[in-house]
**Student:** 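I have a structure here, written as structure tokens, and I will follow up with some questions on it.
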There are 2 protein chains.
Amino acid sequence: MESLLKYIRNHIELTREEEEFLVSKVFLRKYLKGQYVVQQGDICKYECFVLSGCTKMFYLDDDGQEHIILFSIEDWWTSDMGSFITQTPADFNIQCLENTELVMFSFDIIEELYEKIPKLERFFRQIIERAFVASQKRIVRNFALTAKERYLYFRKQYPKIEQRIPQYMVASYLGITKEFLSKIKSQLSLEE
Amino acid sequence: MESLLKYIRNHIELTREEEEFLVSKVFLRKYLKGQYVVQQGDICKYECFVLSGCTKMFYLDDDGQEHIILFSIEDWWTSDMGSFITQTPADFNIQCLENTELVMFSFDIIEELYEKIPKLERFFRQIIERAFVASQKRIVRNFALTAKERYLYFRKQYPKIEQRIPQYMVASYLGITKEFLSKIKSQLSLEE
DNA sequence: AATAGATGTTAAACTAGATTAACATTATTT
DNA sequence: AAATAATGTTAATCTAGTTTAACATCTATT
């Protein structure tokens, strides 16, 4: 739990009481590799801060194909925000790719935290603003860049994630097939 | 300006004083068709609420190709949020597709409004949450749907926008060429 | 009414990336 | 150590969407 506080202290200053209040309201949950945090159709009850491990968030389309939207590792957040804020069934799945420890912020608790600690509401607003900006930029990259360029960008931007994740999941995140990513990689190794 | 208040009243309740404070801090600006609200490289100084008219936000890639990220009409917001929150040069352009009236929220003013009217900060957080969710869902649609399916979704979701906008811009928004959208439309007209 | 500029259509040739399928490699389990 | 499952590679064939280019229509301006 200390690394959650460290993360928060990195951005805002809370009093000792505020920190204690926060810690008393959230709880830690451990998942094994392969377990689901959220399943498509369930209501997403928590926003989760990743203490350790790794998760993927993905959409399962009508053909059963998996489309990975987001990987989350230490110090990142994960949740189906659409489901969370409306408390309606989730469109996405969140599954652990490693044994994972999450700090769970429930819907009611988060409202209570916003109420009691306005600084925290401001901080969360800023986190969401940044997430939104990143998401819009990803849309542009998907339009303006080729698969190879997107892969190079991913590799540069998230070198730590690439190493922890099977290649076919990277392909899914990039919106291409595993075979095509394999081709791109062999092309790149010839170029170098 | 009344329609801004109407929009806000639709979601939260402000006191008469709060409304007056808000109105005293923002200002209205009129643009002609074709004018730019933000240009790639400039710092985006305002978040803008659309009173009337229509804007497009787009990215110009290295080949000079335009990629439309967002159309905004009455009661929508527009800004390059990435530039706005960091006050660094914008990646995107925002241009008016019709004569357009915007309510301008500057960076400093918006901070002041958050400070004085916490309800407003909460409201803006919720707006951004929804924008983020919409953006993530668009990423999925771009991966999981064909161009034809994306077009049908757009037509259903934003019927009012389609009517106001040249077809080649719809194509850009969908991430396809104008020629291919034309083909899709002629296919659809044969089917019906 | 004529011209010019902006928008939309059609069709042929082309390409980035998908599909299929067979095989190779690496982990994991027994 | 063998067997099984999971992951990764290669290559041939295929397709959704692009490119190019010529033409059509619509709108605004003189």
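Proteins come first, then strands; the chains are lettered A, B, ... in the order of their sequence lines, and each starts at number 1.
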**Student:** A/Gln95 versus A/Thr55: any side-chain heavy-atom pair under 4.5 Å?
**Tutor:** no
**Student:** So which of A/Phe123, A/Phe124, A/Phe107, A/Phe105 actually passes ring-ring contact (aromatic ring centres under 6.0 Å, His included) with A/Tyr114?
**Tutor:** A/Phe124
**Student:** Taking only side-chain nitrogens and oxygens of B/Arg150, does any of them come within less than 4.0 Å of OP1 or OP2 of D/dG17?
**Tutor:** yes
**Student:** Check each of A/Gln136, A/Glu129, A/Arg130 against A/Phe132 using the side chain to side chain contact (heavy atoms under 4.5 Å, CB included) test, and report the only one that passes.
**Tutor:** A/Gln136
**Student:** Considering only heavy atoms of chain B and a distance under 4.0 Å, specify the first and last nucleotide of DNA chain C in 5' to 3' order that meet this criterion.
**Tutor:** C/dT7 to C/dT10
**Student:** Are B/Arg141 and B/Arg138 close enough that some pair of their side-chain heavy atoms sits under 4.5 Å apart?
**Tutor:** yes
**Student:** How many whole angstroms separate atom CG of B/Asn142 from atom C1' of D/dG17?
**Tutor:** 14 Å
**Student:** Here's a test for you: under salt bridge (Lys or Arg N to Asp or Glu O under 4.0 Å), which of B/Glu111, B/Glu19, B/Glu115, B/Glu112 qualifies with B/Lys25?
**Tutor:** B/Glu112
**Student:** Please report whether the ring centroid of B/Phe92 lies less than 6.0 Å from that of B/Phe58.
**Tutor:** no
**Student:** Does any residue of residues 165-181 of chain B have a heavy atom under 4.0 Å from DNA chain C, and if so, which ones, in number order?
**Tutor:** B/Pro166, B/Gln167, B/Tyr168, B/Glu179
**Student:** Could you list the cluster mates of A/Leu32? Members are the ILVMFWY residues connected by side-chain heavy atoms closer than 4.5 Å, either directly or through other members.
**Tutor:** none
**Student:** Taking atom CD of A/Gln157 as the centre, does the number of heavy atoms from other residues, nucleotides or ligands within less than 6.0 Å exceed 12?
**Tutor:** yes
**Student:** Atom NZ of A/Lys183 to atom P of D/dA11: distance rounded to whole Å?
**Tutor:** 10 Å
**Student:** Whole Å only: how far is the CZ atom of B/Phe143 from the C1' atom of D/dG17?
**Tutor:** 17 Å
